[in-house]
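We count ligands from 1, going down the list as the structure has it; atoms in each ligand are counted the same way. Please read these numbers as outputs of a predicted model, since none were measured by experiment.
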Amino acid sequence: MKAAVLTQLNEDLEIRDDVGLGELGDGDVHIQLVSSGVCHSDLSAQNGTIPSGTPCVLGHEGAGIVKEVGAGVTDLAAGDHVIVSFTPACRKCRMCLRGEANLCETMGVMASTPHFVIDGNPVVGFTGCGTFAEEMIIPEAAAVKVEEDIPLDIVSLIGCGVTTGVGAAINTADIRPGTSVVVFGCGGVGISAIQGARIAGAAEIVAVDMVDSKLEMAKKFGATHAVKPEDLEGAKLEVTRGEGFDYSLECIGNPATIRASFDAVRRGGTAVIVGVGKMTEMVQFSAFELFFNEKNLKGSMYGSANVRTDFDRLLRLWRQGKLDLEGMISRRIKVDDVNDAFRAMQAGEVIRSVIEF
Ligand code: APR
Ligand code: ZN
């Protein structure tokens with residue numbers, strides 16, 4: 001089958017048509033992909049920000065139809081429509097039992113178990129997924145059933161960017177109605193965070209991006225103000241009388257904007273870091289300010305979501321017209337064009353490119 005494979009860091013993905021699948025193990029499901037979003041984290045795997053190893057079949061934001069299930073699978077059957085979750089929710093580990101399924105302990109096992117075969121060798125998919133392929137195998141715990149009337153291109157976005165961004169706003173930050181929010185970065189994740197803040201009832205939502213077209217889009221999705229980074233201080237003064245925002249959501253993954261998002265919140269406010277930066281890059285805080293300003297600095301992994309309940313929650317918001325997913329799809333492409341989609345994302349030209357199989 002066809003798949004886009006990372007064979008060398010900082011090189012174009014190799015589009016191969018001879019990729020195979022390994023054996024379907026106990027508890028695994030075999031999925032025919034229908035659609036996959038192209039997320040910045042795939043680009044981050046390509047440039048080494050997120051270590052994936054090589055070779056690796058990229059893609060982790062997908063939706064498709066179950067072809068067959070392995071022994072012991074009870075929740076899914078052939079023909080079911082599913083969202084691929086890049087973190088499993090095993091419902092048995094300590095994290096899942098404490099209600100923190102987004103931190104499921106079986107994530108590492110999923111990420112390191114190869115399900116693809118290339119040139120006779122076992123090959124992993126990125127985060128254990130690999131949605132830039134026509135078919136894939138994942139553990140049952142990482143496939144979440146959805147109703148069959150929902151178009152799968154819409155559904156695929158839920159698999160990463162939308163859950164990550166909306167979840168950061170409504171779960172991690174837990175934005176209260178009538179508050180002020182600033183969102184750094186207006187890609188697929190940032191636009192989702194803006195929508196989450198809107199859904200949560202924020203009074204003011206200030207979008208920050210360096211690309212003009214992104215700022216225009218941000219307004220369409222609910223930002224009340226949209227500014228370039230150099231104009232943020234002015235917006236902060238106008239919206240919060242200079243006090244600082246109640247919440248900030250950093251959706252870029254850059255040390256400078258992480259620091260800026262911490263600075264943008266008021267004393268006692270909450271800064272949520274959604275973007276994924278490099279393991280070697282550091283962010284500095286003074287030893288005094290952490291105590292004195294009593295700000296909450298929170299990481300947000302997969303929108304602090306429980307995929308078993310939150311995917312459905314998000315799709316119900318979409319059904320009622322409260323979450324715009326159609327509008328987030330900038331381009332529909334074939335998997336052969338994924339390298340162009342990466343370049344368009346780097347140039348700030350798209351919110352999401354979606355691969356159709
Ligand atoms: N200041 C302002 N905006 C910036 C800056 C900056 N220094 N650097 C990048 N941006 C903007 C880009 O113009 C773009 O609109 O941030 C946005 C990032 O969007 P995408 O590249 O589409 O990335 P996305 O898929 O939204 O992911 C964002 O979240 O999950 C993580 O790994 C992911 O770190 C990535 C982040
Ligand atoms: Zn992603």
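With 3.5 Å as the limit, one finds a donor-acceptor pair spanning the side chains of Asn296 and Thr270. A donor and an acceptor atom, one from each side chain of Ser180 and Asp246, are located under 3.5 Å apart. For Asn171 and Arg313, the side-chain atoms include at least one donor-acceptor pair closer than 3.5 Å. Counting only N and O atoms by type, the side chains of Glu61 and Ser156 include no donor and acceptor under 3.5 Å apart.
Here Arg352 has side-chain heavy atoms under 4.0 Å from ligand 1, and that is the only part of it that gets that close. Contacts between Leu43 and ligand 1, counted as non-hydrogen atom pairs separated by less than 4.0 Å, are absent for every part of the residue. For Ile252, heavy-atom contacts with ligand 1 shorter than 4.0 Å involve the backbone as well as the side chain.
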Passes side chain to side chain donor-acceptor pair (under 3.5 Å), Ser44 versus Thr49? Steps please.
CA-CA 5 Å; Ser44 296; Thr49 301; 4.6 Å; no

His30 and Glu68: CA distance, side-chain angles, deciding distance, side chain to side chain donor-acceptor pair (under 3.5 Å) verdict
CA-CA 5 Å; His30 175 180; Glu68 53 176 336; 2.8 Å; yes

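Looking at atom 24 (P) of ligand 1, its nearest protein heavy atom turns out to be His40 CB, 3.5 Å. Closest protein heavy atom to atom 19 (O) of ligand 1: Gly187 CA, 3.2 Å. Of the protein's heavy atoms, Ser41 OG, 3.5 Å lies nearest to atom 33 (C) of ligand 1. From the protein, the heavy atom lying nearest to atom 13 (O) of ligand 1 is Asp209 OD1, 2.7 Å.
Note: no N/O pair closer than 3.5 Å links Gly275 and ligand 1 by distance alone. Considering backbone and side-chain atoms alike, Ser44 places every N or O at 3.5 Å or more from each N or O of ligand 1. In terms of polar-atom proximity, Val189 is counted as a contact of ligand 1, with an N or O under 3.5 Å from an N or O of the ligand. Between Gly188 and ligand 1, a contact under 3.5 Å exists for at least one N or O pair.
Checking side-chain atoms of Lys334 against main-chain N and O of Glu356 turns up a donor-acceptor pair under 3.5 Å.
A heavy-atom distance below 4.5 Å is not found between the side chains of Leu33 and Glu135.
Excluding waters, the set of protein N, O or S atoms lying under 2.8 Å from the Zn ion (ligand 2) comprises Cys39 SG, His60 NE2, Cys160 SG.
For the pair Lys236 and Phe245, the cation does not sit on the ring face, since its NZ or CZ is not both under 6.0 Å from the ring centre and inside 45° of the axis.
Atoms of ligand 1 found under 4.0 Å from any heavy atom of Lys214, numbered from 1 in the order shown, are 14 (C), 15 (O).
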